[in-house]
Amino acid sequence: MFIKRLTILALLLSLLPAGSALAETLEDLAQDLKPVSGYVVLPVQGEFLIDLDASQGVTTGDLFSVVQPGEKITHPVTGKVLGTLDVKKGVLQVTQVKAGYSHAKPVGAAGNIKRGYQIRRYENLRATFWDYTDKGEAVFARIKEALPALEWQDYAAAQATKPSQPTAPKGGMLDLILVLDAKNLTVRDDSFNILHAYPSSIEAQPAATVTPQPAAPYKLEAAAAPTSGVRYEATFPGFKSLGALGFPAVTADFVKEGQRQLLAGSDGKSIKLLEVGESLSAMTEVKPSDLAQVLTLSWWQPAEKQLYLVVNGWKDKKMSSSLYRFAGGRLTLVKEFLPHLFGSFDRDGDGRRELLLTQNFDRETVWGTVIKKVELKGDNLSFRDTGFKLPRRFSVSGSTMADITGNGQPETIFVRDGLLYIYSGNKELYKSAKIMGGTLSRFIYEEDPNARETSTNYAAFEVPPVAVDLDGDGQLELLTIASDSGMMSTPGITPGVRKSWLVVLKKRDSMFVKGTLGEELEVPLQGLTVTGDRVLFIATETGSVFGKGGESQLLVFPLVP
(Lines give C-alpha, C1' and ligand atoms only; values in the text may rest on other atoms or scores of the structure.)
Protein backbone atom coordinates (compact mmCIF):
# COMPACT_ATOMS: atom_id res chain seq x y z
CA MET A 1 0.00 0.00 0.00
CA PHE A 2 2.72 2.48 0.96
CA ILE A 3 4.76 1.57 -2.15
CA LYS A 4 1.73 2.55 -4.21
CA ARG A 5 1.47 5.87 -2.36
CA LEU A 6 5.13 6.59 -2.92
CA THR A 7 4.65 5.86 -6.62
CA ILE A 8 1.78 8.36 -6.76
CA LEU A 9 3.92 10.89 -4.91
CA ALA A 10 6.82 10.35 -7.32
CA LEU A 11 4.52 11.09 -10.27
CA LEU A 12 3.29 14.25 -8.58
CA LEU A 13 6.79 15.40 -7.78
CA SER A 14 7.84 14.88 -11.38
CA LEU A 15 5.37 17.61 -12.34
CA LEU A 16 7.11 20.15 -10.12
CA PRO A 17 10.10 22.27 -11.17
CA ALA A 18 13.48 20.71 -10.53
CA GLY A 19 14.82 21.62 -7.09
CA SER A 20 11.44 22.95 -5.97
CA ALA A 21 10.98 23.43 -2.24
CA LEU A 22 7.46 22.05 -2.63
CA ALA A 23 8.81 18.79 -4.01
CA GLU A 24 11.08 18.38 -1.00
CA THR A 25 8.28 19.37 1.35
CA LEU A 26 5.87 16.78 -0.09
CA GLU A 27 8.52 14.10 0.09
CA ASP A 28 9.31 14.91 3.73
CA LEU A 29 5.62 15.15 4.59
CA ALA A 30 4.85 11.73 3.10
CA GLN A 31 7.74 10.19 5.02
CA ASP A 32 6.85 11.83 8.34
CA LEU A 33 3.18 10.82 8.03
CA LYS A 34 3.88 7.36 6.62
CA PRO A 35 1.21 4.87 7.78
CA VAL A 36 2.37 2.35 10.39
CA SER A 37 0.13 -0.31 11.98
CA GLY A 38 0.26 -1.92 15.40
CA TYR A 39 -1.88 -2.89 18.38
CA VAL A 40 -3.02 -1.59 21.73
CA VAL A 41 -1.20 -3.64 24.37
CA LEU A 42 -2.84 -2.54 27.63
CA PRO A 43 -4.08 0.53 29.55
CA VAL A 44 -1.66 2.10 32.06
CA GLN A 45 -2.58 5.04 34.34
CA GLY A 46 -4.87 6.84 31.92
CA GLU A 47 -2.72 6.06 28.90
CA PHE A 48 -2.21 3.02 26.68
CA LEU A 49 0.86 1.04 25.71
CA ILE A 50 1.23 0.31 22.00
CA ASP A 51 3.57 -2.23 20.41
CA LEU A 52 5.53 0.27 18.27
CA ASP A 53 8.72 2.21 18.98
CA ALA A 54 11.40 4.33 17.30
CA SER A 55 12.56 1.41 15.14
CA GLN A 56 9.26 1.75 13.22
CA GLY A 57 9.73 5.51 12.95
CA VAL A 58 7.34 6.36 15.78
CA THR A 59 7.99 9.70 17.48
CA THR A 60 6.40 11.78 20.22
CA GLY A 61 3.22 13.50 18.98
CA ASP A 62 2.31 10.87 16.36
CA LEU A 63 -1.44 10.30 15.99
CA PHE A 64 -3.02 6.85 15.64
CA SER A 65 -6.60 5.93 14.88
CA VAL A 66 -7.82 2.99 16.98
CA VAL A 67 -9.79 0.46 14.94
CA GLN A 68 -11.98 -2.51 15.89
CA PRO A 69 -12.03 -5.05 13.05
CA GLY A 70 -15.56 -5.61 11.76
CA GLU A 71 -17.35 -7.95 9.41
CA LYS A 72 -15.31 -9.39 6.55
CA ILE A 73 -16.08 -8.26 3.01
CA THR A 74 -15.95 -11.23 0.63
CA HIS A 75 -16.24 -11.41 -3.14
CA PRO A 76 -19.58 -12.97 -4.15
CA VAL A 77 -18.01 -15.17 -6.81
CA THR A 78 -14.48 -16.03 -5.70
CA GLY A 79 -15.05 -15.84 -1.97
CA LYS A 80 -11.83 -13.85 -1.62
CA VAL A 81 -11.70 -11.57 1.43
CA LEU A 82 -11.54 -8.01 0.12
CA GLY A 83 -11.31 -6.29 3.50
CA THR A 84 -13.23 -5.66 6.69
CA LEU A 85 -15.85 -3.18 7.82
CA ASP A 86 -13.68 -1.66 10.51
CA VAL A 87 -15.05 0.64 13.20
CA LYS A 88 -13.03 3.61 14.44
CA LYS A 89 -13.04 3.60 18.26
CA GLY A 90 -10.85 6.60 19.06
CA VAL A 91 -7.54 8.41 18.56
CA LEU A 92 -4.25 8.00 20.45
CA GLN A 93 -1.31 10.42 20.55
CA VAL A 94 2.19 9.21 21.44
CA THR A 95 3.59 10.79 24.61
CA GLN A 96 6.73 8.70 25.17
CA VAL A 97 8.74 6.29 23.03
CA LYS A 98 10.45 3.41 24.82
CA ALA A 99 12.41 0.40 23.60
CA GLY A 100 9.90 -2.08 22.16
CA TYR A 101 6.76 -0.06 22.96
CA SER A 102 5.41 3.46 23.40
CA HIS A 103 3.01 5.34 25.66
CA ALA A 104 0.02 7.05 24.03
CA LYS A 105 -2.73 9.17 25.50
CA PRO A 106 -6.32 9.18 24.25
CA VAL A 107 -7.45 12.26 22.35
CA GLY A 108 -10.96 12.77 23.66
CA ALA A 109 -12.87 9.90 25.25
CA ALA A 110 -10.99 6.65 25.92
CA GLY A 111 -13.91 4.44 26.95
CA ASN A 112 -14.09 2.59 23.62
CA ILE A 113 -10.39 1.71 23.37
CA LYS A 114 -9.50 -1.83 24.42
CA ARG A 115 -6.52 -4.16 24.51
CA GLY A 116 -5.93 -5.87 21.17
CA TYR A 117 -7.50 -3.17 18.99
CA GLN A 118 -5.50 -2.28 15.91
CA ILE A 119 -3.88 1.15 15.62
CA ARG A 120 -3.00 2.95 12.39
CA ARG A 121 -0.72 5.96 12.28
CA TYR A 122 -2.12 8.88 10.29
CA GLU A 123 -4.97 6.82 8.86
CA ASN A 124 -8.72 7.34 9.29
CA LEU A 125 -8.09 10.74 10.89
CA ARG A 126 -10.23 13.80 10.16
CA ALA A 127 -7.89 16.20 8.38
CA THR A 128 -8.21 19.68 6.92
CA PHE A 129 -6.01 22.07 4.95
CA TRP A 130 -6.07 25.79 5.81
CA ASP A 131 -4.60 27.86 3.00
CA TYR A 132 -3.53 31.38 4.01
CA THR A 133 -1.85 32.10 0.65
CA ASP A 134 -4.97 31.67 -1.54
CA LYS A 135 -2.61 29.92 -3.96
CA GLY A 136 -2.47 26.49 -2.36
CA GLU A 137 -5.32 24.53 -3.94
CA ALA A 138 -2.90 22.66 -6.21
CA VAL A 139 -0.67 22.01 -3.19
CA PHE A 140 -3.64 20.55 -1.33
CA ALA A 141 -4.44 18.27 -4.28
CA ARG A 142 -0.91 16.89 -4.22
CA ILE A 143 -0.93 16.42 -0.46
CA LYS A 144 -4.30 14.67 -0.63
CA GLU A 145 -2.99 12.31 -3.32
CA ALA A 146 0.15 11.60 -1.28
CA LEU A 147 -1.82 10.93 1.93
CA PRO A 148 -5.08 9.23 0.82
CA ALA A 149 -5.58 7.38 4.13
CA LEU A 150 -6.62 10.61 5.86
CA GLU A 151 -10.27 11.71 5.81
CA TRP A 152 -9.83 15.07 4.09
CA GLN A 153 -12.25 17.97 4.29
CA ASP A 154 -13.06 19.51 0.92
CA TYR A 155 -10.75 22.42 0.01
CA ALA A 156 -13.56 24.93 -0.52
CA ALA A 157 -15.27 23.95 2.73
CA ALA A 158 -12.01 24.23 4.64
CA GLN A 159 -11.35 27.68 3.21
CA ALA A 160 -14.84 28.84 4.06
CA THR A 161 -14.67 27.72 7.67
CA LYS A 162 -11.02 28.41 8.55
CA PRO A 163 -10.41 31.15 11.16
CA SER A 164 -9.10 34.51 9.97
CA GLN A 165 -5.89 33.84 11.88
CA PRO A 166 -4.54 30.31 12.53
CA THR A 167 -5.81 29.10 15.89
CA ALA A 168 -7.00 25.90 17.52
CA PRO A 169 -10.31 24.60 16.07
CA LYS A 170 -13.38 24.40 18.27
CA GLY A 171 -15.76 21.53 18.81
CA GLY A 172 -13.34 18.61 18.51
CA MET A 173 -14.32 17.97 14.88
CA LEU A 174 -10.77 17.63 13.54
CA ASP A 175 -7.79 15.40 14.34
CA LEU A 176 -5.16 16.94 12.05
CA ILE A 177 -4.78 20.46 10.65
CA LEU A 178 -2.31 21.42 7.91
CA VAL A 179 -1.68 25.17 7.77
CA LEU A 180 -0.06 26.75 4.72
CA ASP A 181 1.27 30.30 4.62
CA ALA A 182 3.86 32.05 2.48
CA LYS A 183 6.77 30.66 4.49
CA ASN A 184 5.72 27.47 6.25
CA LEU A 185 3.60 24.37 5.98
CA THR A 186 2.86 23.15 9.51
CA VAL A 187 1.15 19.95 10.64
CA ARG A 188 -0.78 20.41 13.88
CA ASP A 189 -2.89 18.30 16.22
CA ASP A 190 -6.37 19.21 17.51
CA SER A 191 -4.80 21.35 20.27
CA PHE A 192 -2.86 23.21 17.57
CA ASN A 193 0.52 21.90 18.73
CA ILE A 194 3.03 21.72 15.87
CA LEU A 195 3.90 18.12 14.97
CA HIS A 196 5.96 18.92 11.86
CA ALA A 197 7.02 22.09 10.02
CA TYR A 198 8.40 22.58 6.51
CA PRO A 199 9.38 25.58 4.37
CA SER A 200 6.66 26.25 1.79
CA SER A 201 8.05 29.13 -0.32
CA ILE A 202 4.73 29.67 -2.04
CA GLU A 203 5.61 33.31 -2.68
CA ALA A 204 8.88 34.38 -4.25
CA GLN A 205 11.53 35.37 -1.75
CA PRO A 206 13.19 38.79 -2.08
CA ALA A 207 16.60 38.86 -3.67
CA ALA A 208 18.34 39.27 -0.32
CA THR A 209 16.65 38.55 3.00
CA VAL A 210 19.65 38.79 5.32
CA THR A 211 22.65 41.07 5.21
CA PRO A 212 25.62 39.25 6.77
CA GLN A 213 28.07 41.04 9.01
CA PRO A 214 31.19 42.12 7.07
CA ALA A 215 33.52 39.82 9.04
CA ALA A 216 31.40 36.68 8.68
CA PRO A 217 32.94 33.95 6.47
CA TYR A 218 29.52 32.78 5.30
CA LYS A 219 26.34 34.29 3.97
CA LEU A 220 22.65 33.55 3.98
CA GLU A 221 21.76 32.69 0.42
CA ALA A 222 18.21 33.75 -0.43
CA ALA A 223 18.35 31.52 -3.50
CA ALA A 224 18.94 28.50 -1.26
CA ALA A 225 15.97 29.18 1.01
CA PRO A 226 13.27 27.65 -1.23
CA THR A 227 15.07 24.31 -1.52
CA SER A 228 16.65 23.77 1.87
CA GLY A 229 15.91 26.66 4.17
CA VAL A 230 18.97 28.61 5.26
CA ARG A 231 22.32 27.48 3.93
CA TYR A 232 25.48 29.06 5.28
CA GLU A 233 27.92 29.12 2.37
CA ALA A 234 31.48 29.18 3.68
CA THR A 235 34.06 31.43 2.09
CA PHE A 236 36.64 28.81 3.07
CA PRO A 237 34.84 25.48 2.48
CA GLY A 238 37.92 23.41 3.36
CA PHE A 239 39.14 22.48 6.84
CA LYS A 240 42.67 22.93 8.11
CA SER A 241 44.31 20.27 10.30
CA LEU A 242 46.09 21.37 13.47
CA GLY A 243 47.69 17.95 13.78
CA ALA A 244 47.12 14.32 14.68
CA LEU A 245 46.02 13.35 18.18
CA GLY A 246 48.10 10.16 18.12
CA PHE A 247 45.13 7.89 18.81
CA PRO A 248 41.64 7.19 17.39
CA ALA A 249 39.35 9.37 19.52
CA VAL A 250 35.94 7.89 20.28
CA THR A 251 35.07 10.77 22.62
CA ALA A 252 36.49 14.24 23.25
CA ASP A 253 35.63 17.53 24.93
CA PHE A 254 37.06 21.05 24.85
CA VAL A 255 37.33 23.69 27.59
CA LYS A 256 38.83 27.14 28.00
CA GLU A 257 41.10 27.43 31.05
CA GLY A 258 42.20 31.04 31.36
CA GLN A 259 43.86 31.80 28.04
CA ARG A 260 44.49 28.15 27.23
CA GLN A 261 42.29 25.91 25.06
CA LEU A 262 42.36 22.37 26.44
CA LEU A 263 41.28 19.15 24.76
CA ALA A 264 40.53 15.90 26.59
CA GLY A 265 40.22 12.84 24.37
CA SER A 266 40.01 9.10 24.77
CA ASP A 267 40.32 5.98 22.64
CA GLY A 268 38.07 4.19 25.15
CA LYS A 269 40.98 3.00 27.27
CA SER A 270 43.00 5.99 28.43
CA ILE A 271 42.42 9.74 28.75
CA LYS A 272 44.83 12.19 27.15
CA LEU A 273 45.03 15.95 27.61
CA LEU A 274 46.35 18.28 24.92
CA GLU A 275 46.70 22.04 24.62
CA VAL A 276 45.34 23.56 21.41
CA GLY A 277 47.09 26.52 19.86
CA GLU A 278 48.28 26.82 16.29
CA SER A 279 49.24 23.18 16.78
CA LEU A 280 48.72 20.44 19.38
CA SER A 281 50.84 19.98 22.50
CA ALA A 282 50.58 16.85 24.66
CA MET A 283 50.11 17.53 28.38
CA THR A 284 49.33 14.39 30.37
CA GLU A 285 47.69 10.97 30.19
CA VAL A 286 45.77 8.90 32.75
CA LYS A 287 44.19 5.48 32.71
CA PRO A 288 41.07 4.85 34.80
CA SER A 289 42.15 2.79 37.79
CA ASP A 290 39.21 0.45 37.40
CA LEU A 291 40.06 -0.06 33.70
CA ALA A 292 36.55 0.88 32.69
CA GLN A 293 35.63 1.50 29.08
CA VAL A 294 35.61 5.28 28.64
CA LEU A 295 32.33 6.36 27.00
CA THR A 296 32.27 10.17 27.32
CA LEU A 297 34.31 13.04 28.72
CA SER A 298 32.77 16.27 30.05
CA TRP A 299 34.54 19.29 31.50
CA TRP A 300 32.80 20.78 34.56
CA GLN A 301 33.51 24.19 36.13
CA PRO A 302 31.37 24.47 39.29
CA ALA A 303 33.07 27.76 40.28
CA GLU A 304 35.68 30.19 39.03
CA LYS A 305 39.17 28.65 38.95
CA GLN A 306 37.72 25.17 39.53
CA LEU A 307 37.96 22.63 36.73
CA TYR A 308 36.93 18.97 36.77
CA LEU A 309 36.72 16.22 34.16
CA VAL A 310 33.75 13.87 34.41
CA VAL A 311 34.20 10.43 32.82
CA ASN A 312 31.26 8.21 31.96
CA GLY A 313 32.57 4.64 32.05
CA TRP A 314 31.34 1.06 31.74
CA LYS A 315 32.74 -2.03 33.45
CA ASP A 316 31.50 -5.43 34.57
CA LYS A 317 28.06 -4.91 33.00
CA LYS A 318 27.35 -1.67 34.85
CA MET A 319 28.10 2.04 34.82
CA SER A 320 31.42 2.95 36.42
CA SER A 321 31.95 6.70 36.10
CA SER A 322 34.70 8.86 37.60
CA LEU A 323 35.45 12.46 38.58
CA TYR A 324 38.92 14.03 38.18
CA ARG A 325 40.19 17.40 39.37
CA PHE A 326 42.41 19.34 36.96
CA ALA A 327 45.11 21.51 38.53
CA GLY A 328 48.75 22.21 37.78
CA GLY A 329 48.50 20.53 34.40
CA ARG A 330 47.49 17.21 35.98
CA LEU A 331 44.35 15.16 36.55
CA THR A 332 43.79 13.86 40.09
CA LEU A 333 41.13 11.24 40.84
CA VAL A 334 38.38 12.50 43.18
CA LYS A 335 35.65 9.83 42.87
CA GLU A 336 35.32 6.55 41.01
CA PHE A 337 32.91 3.60 40.61
CA LEU A 338 29.96 6.00 40.34
CA PRO A 339 26.87 4.13 39.02
CA HIS A 340 25.47 7.15 37.16
CA LEU A 341 25.54 8.93 33.83
CA PHE A 342 26.82 12.52 33.96
CA GLY A 343 26.70 15.61 31.75
CA SER A 344 27.77 19.24 32.26
CA PHE A 345 25.90 22.34 31.08
CA ASP A 346 26.24 26.12 30.77
CA ARG A 347 22.68 26.97 31.72
CA ASP A 348 23.20 30.68 32.46
CA GLY A 349 25.04 31.38 29.19
CA ASP A 350 28.22 32.84 30.70
CA GLY A 351 30.55 30.44 28.87
CA ARG A 352 31.27 28.29 31.92
CA ARG A 353 29.64 24.86 32.35
CA GLU A 354 28.70 25.29 35.99
CA LEU A 355 25.85 22.75 36.09
CA LEU A 356 26.44 19.01 36.43
CA LEU A 357 23.48 16.64 36.05
CA THR A 358 23.34 12.95 36.86
CA GLN A 359 20.95 10.43 35.32
CA ASN A 360 20.26 6.86 36.34
CA PHE A 361 21.15 4.04 33.94
CA ASP A 362 18.07 2.12 32.82
CA ARG A 363 18.76 -1.25 31.17
CA GLU A 364 15.66 -0.93 29.04
CA THR A 365 16.05 2.63 27.78
CA VAL A 366 19.64 3.50 28.91
CA TRP A 367 18.61 7.04 29.86
CA GLY A 368 16.58 6.78 33.05
CA THR A 369 13.98 9.18 34.38
CA VAL A 370 15.74 10.09 37.64
CA ILE A 371 17.78 13.25 36.97
CA LYS A 372 19.48 15.22 39.73
CA LYS A 373 21.75 18.23 40.08
CA VAL A 374 25.20 17.44 41.47
CA GLU A 375 26.87 19.62 44.09
CA LEU A 376 30.44 19.30 45.31
CA LYS A 377 31.55 20.00 48.87
CA GLY A 378 35.19 19.23 49.36
CA ASP A 379 35.55 15.88 47.65
CA ASN A 380 32.00 14.74 48.41
CA LEU A 381 29.12 14.72 45.96
CA SER A 382 25.51 15.45 46.89
CA PHE A 383 22.42 15.23 44.71
CA ARG A 384 19.55 17.75 44.59
CA ASP A 385 16.42 18.36 42.54
CA THR A 386 17.17 20.30 39.37
CA GLY A 387 14.62 23.04 40.08
CA PHE A 388 13.52 23.17 36.43
CA LYS A 389 11.55 20.97 34.02
CA LEU A 390 13.15 18.53 31.60
CA PRO A 391 11.53 16.49 28.82
CA ARG A 392 10.93 12.78 29.30
CA ARG A 393 13.33 11.76 26.54
CA PHE A 394 16.17 13.91 27.88
CA SER A 395 19.66 12.41 28.04
CA VAL A 396 22.61 14.00 29.81
CA SER A 397 24.84 12.92 26.92
CA GLY A 398 24.59 14.76 23.61
CA SER A 399 22.81 17.70 25.26
CA THR A 400 23.20 21.41 25.76
CA MET A 401 21.14 24.27 27.21
CA ALA A 402 20.92 27.70 25.61
CA ASP A 403 18.49 30.49 24.78
CA ILE A 404 18.23 30.07 21.01
CA THR A 405 14.68 31.41 20.74
CA GLY A 406 15.62 34.77 22.29
CA ASN A 407 12.91 34.63 24.98
CA GLY A 408 15.38 35.02 27.85
CA GLN A 409 15.05 31.40 29.03
CA PRO A 410 17.37 28.52 28.13
CA GLU A 411 15.96 25.73 25.97
CA THR A 412 17.03 22.11 26.34
CA ILE A 413 18.61 20.69 23.18
CA PHE A 414 19.74 17.10 22.75
CA VAL A 415 20.60 14.50 20.11
CA ARG A 416 19.17 11.04 20.66
CA ASP A 417 18.49 8.10 18.31
CA GLY A 418 19.56 10.16 15.30
CA LEU A 419 17.17 13.03 16.04
CA LEU A 420 17.79 16.51 17.41
CA TYR A 421 15.16 17.80 19.84
CA ILE A 422 14.57 21.29 21.19
CA TYR A 423 12.36 21.68 24.26
CA SER A 424 11.14 24.57 26.36
CA GLY A 425 10.65 22.86 29.71
CA ASN A 426 8.77 19.71 28.72
CA LYS A 427 7.18 21.25 25.58
CA GLU A 428 8.67 20.15 22.28
CA LEU A 429 9.59 23.06 19.98
CA TYR A 430 11.46 21.20 17.25
CA LYS A 431 12.37 17.70 16.10
CA SER A 432 14.78 17.16 13.21
CA ALA A 433 14.95 14.58 10.48
CA LYS A 434 16.90 11.45 11.41
CA ILE A 435 20.38 12.56 10.33
CA MET A 436 21.83 13.96 13.54
CA GLY A 437 24.76 12.49 15.40
CA GLY A 438 27.00 9.65 14.25
CA THR A 439 29.36 9.23 17.20
CA LEU A 440 31.93 6.46 17.61
CA SER A 441 31.22 6.25 21.35
CA ARG A 442 28.95 3.22 21.60
CA PHE A 443 28.77 0.12 23.75
CA ILE A 444 26.79 -3.11 23.90
CA TYR A 445 24.98 -4.20 27.05
CA GLU A 446 22.55 -6.88 28.16
CA GLU A 447 19.11 -5.92 29.47
CA ASP A 448 19.27 -8.65 32.15
CA PRO A 449 22.88 -9.85 32.61
CA ASN A 450 21.81 -12.47 35.19
CA ALA A 451 19.29 -14.18 32.94
CA ARG A 452 20.10 -17.30 30.92
CA GLU A 453 18.68 -15.67 27.82
CA THR A 454 18.46 -11.88 27.51
CA SER A 455 18.17 -9.16 24.88
CA THR A 456 21.28 -7.27 23.84
CA ASN A 457 21.06 -3.55 23.19
CA TYR A 458 23.49 -0.75 22.48
CA ALA A 459 23.77 2.87 23.51
CA ALA A 460 25.27 5.78 21.59
CA PHE A 461 26.77 8.81 23.34
CA GLU A 462 26.36 11.72 20.95
CA VAL A 463 28.33 14.97 20.78
CA PRO A 464 26.52 17.90 22.44
CA PRO A 465 25.44 20.69 20.06
CA VAL A 466 27.12 24.08 20.50
CA ALA A 467 25.17 27.34 20.84
CA VAL A 468 27.01 30.32 19.36
CA ASP A 469 26.27 33.56 17.48
CA LEU A 470 27.85 32.65 14.15
CA ASP A 471 26.56 35.56 12.07
CA GLY A 472 26.92 38.37 14.62
CA ASP A 473 23.23 39.32 14.70
CA GLY A 474 22.93 38.93 18.49
CA GLN A 475 20.97 35.67 18.27
CA LEU A 476 22.44 32.26 19.02
CA GLU A 477 22.53 29.54 16.39
CA LEU A 478 23.01 25.83 17.01
CA LEU A 479 25.98 24.04 15.52
CA THR A 480 25.81 20.25 15.58
CA ILE A 481 27.13 17.14 13.87
CA ALA A 482 25.07 15.22 11.31
CA SER A 483 25.90 12.07 9.37
CA ASP A 484 24.77 9.60 6.76
CA SER A 485 25.27 6.01 7.93
CA GLY A 486 25.59 3.16 5.47
CA MET A 487 23.85 -0.20 5.42
CA MET A 488 26.91 -1.90 6.95
CA SER A 489 26.77 -0.01 10.24
CA THR A 490 27.36 -2.22 13.25
CA PRO A 491 25.48 -1.26 16.42
CA GLY A 492 27.82 -0.94 19.38
CA ILE A 493 30.94 -1.10 17.23
CA THR A 494 30.86 1.56 14.56
CA PRO A 495 28.12 3.77 13.13
CA GLY A 496 29.26 2.93 9.57
CA VAL A 497 29.38 6.63 8.72
CA ARG A 498 29.57 7.30 4.99
CA LYS A 499 29.80 11.05 5.39
CA SER A 500 29.54 13.69 8.12
CA TRP A 501 28.94 17.42 8.10
CA LEU A 502 28.22 20.37 10.38
CA VAL A 503 24.61 21.57 10.58
CA VAL A 504 23.56 25.10 11.53
CA LEU A 505 20.09 25.53 13.03
CA LYS A 506 18.62 29.01 13.42
CA LYS A 507 15.30 30.32 14.75
CA ARG A 508 13.88 32.55 12.05
CA ASP A 509 10.40 34.04 12.27
CA SER A 510 8.22 31.28 13.75
CA MET A 511 10.26 28.20 12.82
CA PHE A 512 13.71 26.65 12.91
CA VAL A 513 15.63 26.49 9.64
CA LYS A 514 18.67 24.40 8.81
CA GLY A 515 21.90 25.16 7.03
CA THR A 516 25.40 23.73 6.71
CA LEU A 517 28.88 24.97 7.56
CA GLY A 518 31.81 23.82 5.48
CA GLU A 519 31.97 20.70 3.35
CA GLU A 520 31.12 17.04 3.89
CA LEU A 521 33.71 14.61 5.23
CA GLU A 522 33.82 10.84 4.74
CA VAL A 523 34.67 10.08 8.38
CA PRO A 524 32.90 10.26 11.75
CA LEU A 525 33.26 13.51 13.72
CA GLN A 526 33.79 13.84 17.47
CA GLY A 527 34.14 16.75 19.87
CA LEU A 528 32.93 20.20 18.83
CA THR A 529 33.54 23.73 20.07
CA VAL A 530 33.68 27.32 18.84
CA THR A 531 36.41 29.41 20.38
CA GLY A 532 37.26 32.93 19.28
CA ASP A 533 37.10 33.04 15.51
CA ARG A 534 37.29 29.33 14.72
CA VAL A 535 35.37 26.07 14.93
CA LEU A 536 37.26 23.06 16.29
CA PHE A 537 36.30 19.41 15.92
CA ILE A 538 37.89 15.98 15.51
CA ALA A 539 37.71 13.69 12.48
CA THR A 540 38.58 10.02 13.00
CA GLU A 541 39.66 7.47 10.40
CA THR A 542 38.32 4.26 11.95
CA GLY A 543 40.81 2.01 10.14
CA SER A 544 38.62 -1.08 10.38
CA VAL A 545 35.03 -2.14 10.95
CA PHE A 546 35.91 -2.51 14.64
CA GLY A 547 37.18 1.07 14.92
CA LYS A 548 40.77 -0.03 15.61
CA GLY A 549 43.99 1.19 14.12
CA GLY A 550 42.68 4.54 12.91
CA GLU A 551 43.92 8.05 13.56
CA SER A 552 42.24 11.29 14.61
CA GLN A 553 42.93 14.77 13.30
CA LEU A 554 41.98 18.04 14.96
CA LEU A 555 40.37 20.18 12.29
CA VAL A 556 39.74 23.92 12.35
CA PHE A 557 37.28 26.00 10.36
CA PRO A 558 38.07 29.76 10.35
CA LEU A 559 35.12 32.09 10.93
CA VAL A 560 36.92 35.16 9.56
CA PRO A 561 38.99 35.60 6.38
Do [X] and [Y] touch side chain to side chain, with heavy atoms closer than 4.5 Å?
| X | Y | value |
| --- | --- | --- |
| L521 | L555 | yes |
| F326 | L309 | no |
| F345 | S399 | yes |
| F537 | L479 | no |
| K34 | L29 | no |
| L178 | I143 | yes |
| L502 | L528 | yes |
| L147 | Y122 | no |

Is the shortest side-chain N to carboxylate O distance from [X] to [Y] below 4.0 Å?
| X | Y | answer |
| --- | --- | --- |
| R121 | D62 | yes |
| D362 | K98 | no |
| E522 | K499 | no |

Proximity of W367 and F414 rings by center, below 6.0 Å: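 Not under 6.0 Å, so no.
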
Atom [atom1] in [X], atom [atom2] in [Y]: separation rounded to 0.5 Å?
| X | Y | atom1 | atom2 | value |
| --- | --- | --- | --- | --- |
| D28 | L33 | CG | CG | 11.0 Å |
| S320 | F361 | OG | CZ | 12.5 Å |
| L263 | I538 | CG | CD1 | 4.5 Å |
| M401 | R353 | CE | CZ | 12.5 Å |
| L505 | M436 | CG | CE | 6.5 Å |
| T386 | F394 | OG1 | CZ | 9.0 Å |

Residues 298-308 side chain polar contacts: donor-acceptor under 3.5 Å, at least two apart:
unit_1	atom_1	unit_2	atom_2	d
W299	NE1	D253	O	3.2
W300	NE1	E354	O	3.1

What pair of heavy atoms forms the shortest contact from [X] to [Y], and how long is it?
| X | Y | answer |
| --- | --- | --- |
| V250 | Q526 | O-NE2, 2.9 Å |
| L245 | L274 | O-CD2, 4.5 Å |
| P465 | V415 | CG-CG2, 4.1 Å |
| N312 | H340 | OD1-O, 3.8 Å |
| V311 | V294 | CG1-CG1, 3.9 Å |
| S432 | L419 | O-CD2, 3.3 Å |

Got a list of side-chain donor-acceptor pairs under 3.5 Å for residues 420-431, not counting sequence neighbours?
unit_1	atom_1	unit_2	atom_2	d
Y421	OH	R393	NE	3.4
Y423	OH	E428	OE1	3.3
K431	NZ	T59	OG1	2.2

Test log, rule side chain to side chain contact (heavy atoms under 4.5 Å, CB included), inputs F388 and L355: CA-CA 12 Å; F388 51 85; L355 175 65; 3.9 Å; yes

Using modelled atom types and a 3.5 Å cut-off, is there a donor and acceptor pairing between side-chain atoms of [X] and backbone atoms of [Y]?
| X | Y | value |
| --- | --- | --- |
| T540 | A249 | yes |
| S344 | L356 | no |
| Q56 | D53 | yes |
| D469 | E477 | no |
| E551 | G246 | yes |
| Q359 | G368 | yes |
| D346 | G351 | yes |
| T529 | F254 | no |

Evaluation steps, side chain to side chain contact (heavy atoms under 4.5 Å, CB included), between D32 and Y198: CA-CA 11 Å; D32 290 337; Y198 316 91; 2.7 Å; yes

Show me the donor-acceptor pairs, under 3.5 Å and distance only, between side chains in residues 405-413 and residues at least two apart or in other chains.
unit_1	atom_1	unit_2	atom_2	d
T405	OG1	N407	OD1	3.2
T405	OG1	E411	OE2	2.7
N407	OD1	Q409	N	2.9
E411	OE1	I404	N	2.9
E411	OE1	T405	N	3.3

Test side chain to side chain contact (heavy atoms under 4.5 Å, CB included) applied to L536 and T531, step by step: CA-CA 8 Å; L536 299 174; T531 175; 3.7 Å; yes

S102: side-chain hydrogen bond (donor to acceptor under 3.5 Å, both in side chains) partners, not counting sequence neighbours: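 Scan of S102 (side-chain hydrogen bond (donor to acceptor under 3.5 Å, both in side chains), adjacent residues dropped) gives none.
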
Counterpart residues, side-chain hydrogen bond (donor to acceptor under 3.5 Å, both in side chains), relative to T186 (two or more places apart):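 R188.
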
Neighbour count above 12 (heavy atom, 6.0 Å) for R392 CZ: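 Count over threshold, so yes.
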
Residue pairs fulfilling side chain to side chain donor-acceptor pair (under 3.5 Å) with at least one residue in residues 277-286, sequence neighbours excluded: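 Sorted pair list: S270-E285.
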
Verdict with supporting geometry, V374 and K372, side chain to side chain contact (heavy atoms under 4.5 Å, CB included): CA-CA 6 Å; V374 181; K372 298 289 185 180; 5.9 Å; no

Partner of S397 by side-chain contact (heavy atoms from CB on, under 4.5 Å), out of T296, L295, T439, T251: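 Testing each of T296, L295, T439, T251 against S397, the sole residue satisfying side-chain contact (heavy atoms from CB on, under 4.5 Å) is T296.
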
Stepwise salt bridge (charged side-chain N to carboxylate O under 4.0 Å, His left out) check, K506 with D471: CA-CA 10 Å; K506 184 179 182 68; D471 53 16; 3.2 Å; yes

